[in-house]
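First the structure, in the form of structure tokens, and then the observations on it.
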Number of protein chains: 2
Amino acid sequence: MSSQETPRRPTIADVAREAGVATSTASVVFSGKAKVAPATRERVLAAAADLGYAGPDPRAASLRRGRSGIVAVVLEGHLRAAFLDPVTTALMDGLTDGLAELSAGILLMRDEPGEEGAGIADAPVDAVVLIGCSARTRSSLEIVVGRGLPVVVIEGDAGESIPRITLDNAAASADIARHVRDLGHRDVALVTLPLDTERERTAITPERLANATVDVTIHRLAGTREIFPDALAISAAGSLIDEGVLVGRMLLADPATRPTAVLAQSDLLAVGVIRAAEEAGLRVPEDLSVAGFDGIALDGLGDLSLTTSVQPAVEKGRAAGEQIARMLRGEPGITQHLTCRFHAGTTTGPAPR
Amino acid sequence: MSSQETPRRPTIADVAREAGVATSTASVVFSGKAKVAPATRERVLAAAADLGYAGPDPRAASLRRGRSGIVAVVLEGHLRAAFLDPVTTALMDGLTDGLAELSAGILLMRDEPGEEGAGIADAPVDAVVLIGCSARTRSSLEIVVGRGLPVVVIEGDAGESIPRITLDNAAASADIARHVRDLGHRDVALVTLPLDTERERTAITPERLANATVDVTIHRLAGTREIFPDALAISAAGSLIDEGVLVGRMLLADPATRPTAVLAQSDLLAVGVIRAAEEAGLRVPEDLSVAGFDGIALDGLGDLSLTTSVQPAVEKGRAAGEQIARMLRGEPGITQHLTCRFHAGTTTGPAPR
DNA sequence: TTGTAGGCGTTATCAG
DNA sequence: CTGATAACGCCTACAA
């Protein structure tokens with residue numbers, strides 16, 4: 001009935017009017033982009049407080065500036081699974097560092113194939129980081145590129161001109177294998193990461209390998225097979241200690257066919273294998289040598305130090321963040337190849353004769 | 001020189017012109033908010049493909065709609081530390097579920113006290129979830145409320161009218177303590193979560209407790225002390241296995257003062273204590289009973305099943321998400337109290353005589 | 001230092 | 001079913 005009909009949120013224009021200044025002046029007071037006389041400034045702030053104005057609307061500001069201050073991170077699979085992997089969390093950590101100069105927020109997204117609406121297509125982001133680019137991620141990539149957003153792909157092949165952050169997975173795996181071979185092992189079994197999004201726990205056949213989509217798994221396996229071409233390989237359903245236990249049991253069940261060394265594609269899997277060995281009454285490394293991959297800080301291995309290849313997980317994230325920052329500055333993003341460092345631990349030893 | 005001066009991204013207006021329709025029609029084609037004749041639709045899509053138009057700019061759409069489709073999650077401390085805690089990841093998982101109907105993205109934010117720019121103040125979000133509301137989070141809360149955004153606080157007291165998701169931490173802790181007391185234990189020590197953002201590893205004195213700011217810690221401790229009023233309590237520096245090991249060593253070092261049971265405020269801490277016990281040559285539960293809290297799926301406890309209280313972590317996130325969805329729909333958010341379920345495992349047994 | 005004006009790219013509304 | 005028009009709230013040349 002009265003003039004209170006529309007109690008809509010005040011805008012910067014209202015504040016300016018209340019303070020008796022131009023809207024541009026009020027705007028500048030909040031953005032700090034120019035000098036304003038202290039007196040004017042005070043009046044604007046007072047008016048804002050008076051009206052309950054909490055600062056510029058970020059949505060309007062994004063449109064005007066053409067920047068939202070948000071970077072999307074696209075993860076494969078369920079969010080929870082992703083963060084269960086210490087490598088991912090380390091990576092995220094580095095990413096926040098690398099993005100620090102932008103003071104950008106991180107928007108978590110899954111690469112949901114079918115779903116509408118939720119996707120990257122409708123998110124107000126300035127750039128995108130794709131992690132573990134697999135077949136499913138490809139569609140996300142297309143959308144992002146179509147929208148002209150800067151992209152960086154971590155550990156995956158995005159083709160042509162997309163900057164990537166890669167690891168020398170094959171070479172590092174070969175290093176580990178060589179170490180084990182030099183210790184005299186000939187009878188070696190492998191535990192790999194999942195081959196595809198099916199995440200099946202199964203012996204790897206040439207056909208299956210041909211259909212594999214996860215680059216990390218493929219590359220690490222290729223590196224290992226440079227040294228042990230015929231080693232039995234079983235894919236785990238994920239990078240988890242419990243998966244390592246399960247696969248370890250399969251591998252160690254039959255004393256007749258039991259290998260003298262097991263090379264796992266992740267430290268978590270390796271820990272699981274060690275646990276399976278303990279269950280079976282085998283001593284590590286006397287009866288069985290075990291190596292991992294990643295070099296994450298392992299919680300709960302007792303006095304053993306895992307033989308592994310230490311990957312620069314945090315560095316990976318940081319590098320991605322830095323490339324994003326560059327691209328947002330208008331400079332071209334560049335692909336970076338990071339390398340792992342071999343660590344000889346106490347979980348590998350001379351082959352039992 | 002030529003007309004190619006400004007190769008700016010095409011807008012929906014360009015597409016409409018190219019297709020020979022009104023911008024509003026083109027808009028509707030993309031949003032699907034109204035029926036469009038198939039022929040017209042095709043023409044618009046063709047024009048879009050032609051011009052390389054990848055769909056409406058989300059920034060402009062957010063401004064117009066007044067919605068960005070993003071919900072912020074404010075975590076305490078370093079991102080990595082937060083995701084190291086399985087309870088947090090489970091919670092995030094539930095949150096994505098609860099938010100599913102909104103198909104909203106999740107923006108990760110830290111509650112950085114001093115820093116400018118990065119904060120919640122400038123993020124284009126529709127709502128905010130505050131986790132583990134501590135003193136530091138208060139300032140975030142003020143900003144958010146000032147901006148008139150819907151908020152839900154998980155496990156923390158936000159005062160007055162802010163909807164919360166809470167747990168019966170005290171009651172559940174008392175349940176565990178009672179179980180242990182009924183097993184005959186009288187000599188019990190406690191390992192708590194951090195008391196405040198200082199995260200000091202130290203014996204808890206009444207003064208320290210009075211200055212504590214983390215509600216979860218305080219409530220769980222209060223519940224336990226209903227049963228064991230005088231039990232020695234040591235605060236850990238975080239919810240980590242390794243912290244549990246450190247505090248466990250402190251507790252078990254001296255055989256003369258060694259307790260017969262240790263109650264930890266998180267499962268991770270409990271696992272650490274068990275590990276410390278193993279180090280000290282103690283058998284669990286024969287020589288030492290250990291209980292945790294959370295009921296997370298523990299990776300790597302061998303055959304032991306931890307005595308604990310299972311908190312509905314996923315449910316907590318889901319509930320928060322649902323409240324956010326409600327509030328965004330215009331309905332008032334309501335506070336929800338969730339309850340834990342006691343789980344008697346094999347890590348607790350009769351007190352040694 | 002302060003004010004004026006125009007537009008960022010959409011979408012809601014309402015008339016045809 | 002389609003089209004014209006008016007905001008959404010802000011920022012930034014440019015002019016005074």
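So that the names make sense, note that chain A is the first sequence line, chain B the second, and so on, each numbered from 1. Because the structure is predicted, anything quoted here is derived from the model rather than measured. Atom set for the values below is all heavy atoms of this structure, side chains included, hydrogens, waters and symmetry mates excluded.
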Using a cut-off of 4.0 Å on non-hydrogen atoms, how would the nucleic acid contact of [X] be classed: base, sugar-phosphate, or nothing?
X: A/Tyr53; value: sugar-phosphate
X: B/Leu63; value: base
X: A/Val28; value: nothing
X: A/Thr11; value: sugar-phosphate

Integer-rounded Å distance: [N] [atom2] and [X] [atom1]:
X: A/Ile12; N: D/dC10; atom1: CD1; atom2: C1'; value: 7 Å
X: B/Phe30; N: C/dG9; atom1: CZ; atom2: P; value: 15 Å
X: B/Arg59; N: D/dC10; atom1: CZ; atom2: C1'; value: 14 Å
X: B/Asp14; N: C/dG9; atom1: CG; atom2: P; value: 9 Å
X: A/Arg67; N: D/dG9; atom1: CZ; atom2: P; value: 24 Å
X: B/Lys33; N: D/dG3; atom1: NZ; atom2: P; value: 20 Å
X: A/Arg65; N: D/dG9; atom1: CZ; atom2: P; value: 17 Å

Phosphate-side-chain proximity, [X] and [N], N/O vs OP1/OP2 below 4.0 Å:
X: B/Thr40; N: D/dT2; answer: yes
X: B/Ser24; N: D/dG3; answer: no
X: A/Thr25; N: C/dG3; answer: yes

What nucleotide among [options] has an atom nearest to a side-chain atom of [X]?
X: A/Val21; options: C/dT10, D/dT2, C/dG3; value: C/dG3
X: B/Asp57; options: C/dT10, D/dC10, D/dC11; value: C/dT10
X: A/Ala22; options: C/dT13, C/dG3, D/dG9; value: C/dG3

Donor-acceptor pair, side chain of [X] and main chain of [Y], under 3.5 angstrom:
X: B/Arg318; Y: B/Leu95; answer: no
X: B/Ser68; Y: B/Pro124; answer: yes
X: B/Arg164; Y: B/His337; answer: no

For the atom pair CG (B/Asp57) and CZ (A/Arg147), what is the distance rounded to the nearest 0.5 Å?
-> 7.0 Å

Test: B/Asp126 and A/Arg59 ion pair at under 4.0 Å = yes

Taking for each residue the nucleotide of DNA chain C bearing the nearest heavy atom, is the 5' side occupied by A/Arg64 or by B/Ala13?
-> A/Arg64

Taking for each residue the nucleotide of DNA chain D bearing the nearest heavy atom, is the 5' side occupied by A/Pro58 or by B/Val36?
-> B/Val36

